[in-house]
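Sequence lines set the chain letters: A, B, ... in the order given, protein chains first and strands last, and positions in each chain run from 1.
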2 protein chains.
Amino acid sequence: MSVAISPFVVERLSRYYLYLTMLGKKNGSWISSKELSGALGLTSSTVRQDISHLEEYNGISKRGYNREELAGNLRSFFGTDKPCRAVIVGAGNFGRALLLHREFHGQGFEISAIFDANPKIVKTKIDKFQVKDVKELENYIAENNIEIGIIAVPSSEAQEVADRLANAHIRGILNLTTSPLQVVEKIALVDSRLIIELFKLSYQIRLDPENSKKCDAVVRGGNNGS
Amino acid sequence: MSVAISPFVVERLSRYYLYLTMLGKKNGSWISSKELSGALGLTSSTVRQDISHLEEYNGISKRGYNREELAGNLRSFFGTDKPCRAVIVGAGNFGRALLLHREFHGQGFEISAIFDANPKIVKTKIDKFQVKDVKELENYIAENNIEIGIIAVPSSEAQEVADRLANAHIRGILNLTTSPLQVVEKIALVDSRLIIELFKLSYQIRLDPENSKKCDAVVRGGNNGS
DNA sequence: TAGATTGTTAATCGATTAACAATC
DNA sequence: TAGATTGTTAATCGATTAACAATC
């Protein structure tokens with residue numbers, strides 16, 4: 001336990017988990033490191049070594065890993081076997097979209113409230129949620145045992161919201177704005193960076209002349225587009 | 001030109017660019033590698049080496065980099081000095097949110113249409129856009145010189161949409177679904193992975209006991225939460 | 001001028017991969 | 001049994017950092 005695992009490994013473990021989720025119950029109940037690596041564009045060696053970072057793992061020669069068991073071990077690893085409560089700050093387009101997105105809930109993330117600063121938006125309803133005033137943020141977090149704050153306000157207000165979340169002793173922040181945030185070390189922080197993915201795409205597209213020479217019909221696993 | 005640059009470097013270069021954008025015209029017109037690295041939680045060495053990958057760069061001893069010039073060089077590097085046309089497939093919550101999000105447009109990405117398969121949604125209006133039938137996708141891409149396709153449909157339909165985009169010779173795909181995609185090598189692919197960021201957060205939060213021992217008030221730059 | 005900061009080379013660090021004994 | 005696949009060690013590869021001469 002707790003020799004910090006590299007973020008690269010954590011990211012790939014998430015992908016394995018999502019892939020297993022997607023497979024559902026189709027096509028048998030076992031999966032080998034070779035199948036997983038093939039589907040995700042990795043080497044089987046990487047897959048086996050990543051999985052060996054889990055506290056429990058239990059591959060079987062000639063069969064591979066039991067899919068349900070592996071999925072369960074991954075859930076414990078991420079802590080998503082127990083529900084994790086989150087709030088969204090910012091009821092603009094992104095905030096609303098996240099709130100209405102059912103998939104997060106299915107993966108153990110409970111969005112329990114949405115906040116906004118705009119008096120015209122506060123108290124309006126989105127689905128079954130009533131938008132709360134951001135003034136209530138600190139109290140709400142303390143009283144409802146909220147672990148994660150999702151920042152979906154305009155970039156210019158992101159740091160201020162981060163500071164408020166920090167004061168309220170939030171444990172983790174998901175930053176959806178393009179603004180880089182400063183937070184105390186003990187708060188976990190990840191950035192979502194849609195615009196960064198677009199920059200990467202734009203760069204890769206311009207590189208293409210090289211690539212298209214190489215090959216036309218080779219299929220690549222759905223990874224982060226290396 | 002075109003010794004492929006590592007995705008790590010490309011990602012950091014995006015961050016530099018966004019940071020410069022955020023600074024705007026405040027606080028002088030020069031920035032040193034030390035300032036940039038401090039703001040983003042990196043070493044100045046990394047910053048200088050990353051910048052040296054640009055075709056043009058022009059740091060000056062004792063002053064650093066001219067902010068406007070550096071931003072311009074980064075734009076040429078990413079190709080976002082010329083507008084890049086994109087379409088969104090899927091007019092659900094995420095698709096709509098992206099369409100309405102002004103920031104992408106400001107960065108050179110023109111969303112020129114949104115598509116959906118649901119006859120109840122097709123032809124409805126979102127802002128000034130009329131949702132188009134996904135049947136028109138291939139024609140539209142060919143006729144309007146679309147370079148990027150953004151997939152915002154339910155995960156189960158993601159691969160099918162990717163295949164159609166590929167047939168229409170799209171150059172790049174941004175995948176917003178949790179489904180890993182298979183595409184021919186010459187199409188650039190990046191995944192957005194909001195749910196993966198949530199898994200990372202959840203993992204980090206559970207690690208916290210260790211971290212909180214270490215330090216309480218150390219401020220960290222807003223990077224990807226290593 | 002003296003000192004700060006670049007650009008770049010070489011060293012270090014860590015992530016990925018190869019290899020293989022164990023085992024089902 | 002023979003062959004496939006794991007778990008793990010050691011080798012390789014590549015990303016990051018340190019160091020420093022050049023220079024403004």
Inset, instruction - Would you kindly compare A/T43 and B/N58 by the position of their nearest DNA chain C nucleotide and give the one closer to the 5′ end? - result: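 With A/T43 and B/N58 compared, the 5'-side residue is B/N58.
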
Hey, does [X] reach any base, or is it just sugar-phosphate, or nothing, if we go heavy atoms under 4.0 Å?
X: B/S33; value: sugar-phosphate
X: B/T46; value: base
X: A/S32; value: sugar-phosphate

Inset, instruction - Round to a whole Å and report the spacing from CD1 of B/I51 to P of D/dT16. - result: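 So the CD1-P distance, B/I51 to D/dT16, works out to 15 Å.
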
Legend entry - B/E11 CD to D/dA15 P, straight-line distance once rounded to whole Å: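 Those two atoms, CD and P, are 14 Å apart.
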
Legend entry - Along DNA chain D (nearest heavy atom to each residue), the more 5'-positioned of A/F8 and A/S52: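 Closest to the 5' end, via its nearest nucleotide, is A/S52.
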
Legend entry - B/S6 vs B/S45, nearer the 5' end of DNA chain D by closest nucleotide: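 The residue mapped nearer the 5' terminus is B/S6.
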
Inset, instruction - Look at the rings of B/Y203 and A/F77 and say which category their plane angle falls in: under 30° parallel, 30 to 60° tilted, over 60° perpendicular. - result: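 Judged by the thresholds at 30° and 60°, the geometry between B/Y203 and A/F77 is parallel.
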
Inset, instruction - Report yes if at least one side-chain N or O of A/R12 is closer than 4.0 Å to OP1 or OP2 of C/dT16; otherwise report no. - result: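 Checking A/R12 against C/dT16: at least one side-chain N or O falls below 4.0 Å of OP1 or OP2.
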
Tabulated below should be each protein N or O lying under 3.5 Å from an N or O of nucleotides 20-24 of chain D; please produce it.
{"unit_1": "D/dT23", "atom_1": "O2", "unit_2": "B/S61", "atom_2": "OG", "d": "2.9"}

Legend entry - Side chains of A/E55 and A/S76, donor plus acceptor under 3.5 Å: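 Their side chains do not contain a donor-acceptor pair, so the 3.5 Å distance test is not met.
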
Inset, instruction - Decide whether A/R48 and A/S33 meet the rule of one side-chain donor and one side-chain acceptor closer than 3.5 Å. - result: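 A donor-acceptor contact under 3.5 Å links the two side chains.
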
Legend entry - No-H, no-angle donor-acceptor pair, B/Q49 side chain to C/dT8 base, under 3.5 Å: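 Per atom types, no contact qualifies.
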
Inset, instruction - Answer with yes or no after comparing the ring centroid distance for A/F8 and B/F8 against a 6.0 Å cut-off, counting only values under it. - result: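 For A/F8 and B/F8, the ring centres are under 6.0 Å apart.
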
Inset, instruction - Any strand is fair game: report the nucleotide pairing with C/dC20 by Watson-Crick or G-U wobble, both distances under 3.5 Å, or none. - result: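 Result: D/dG7.
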
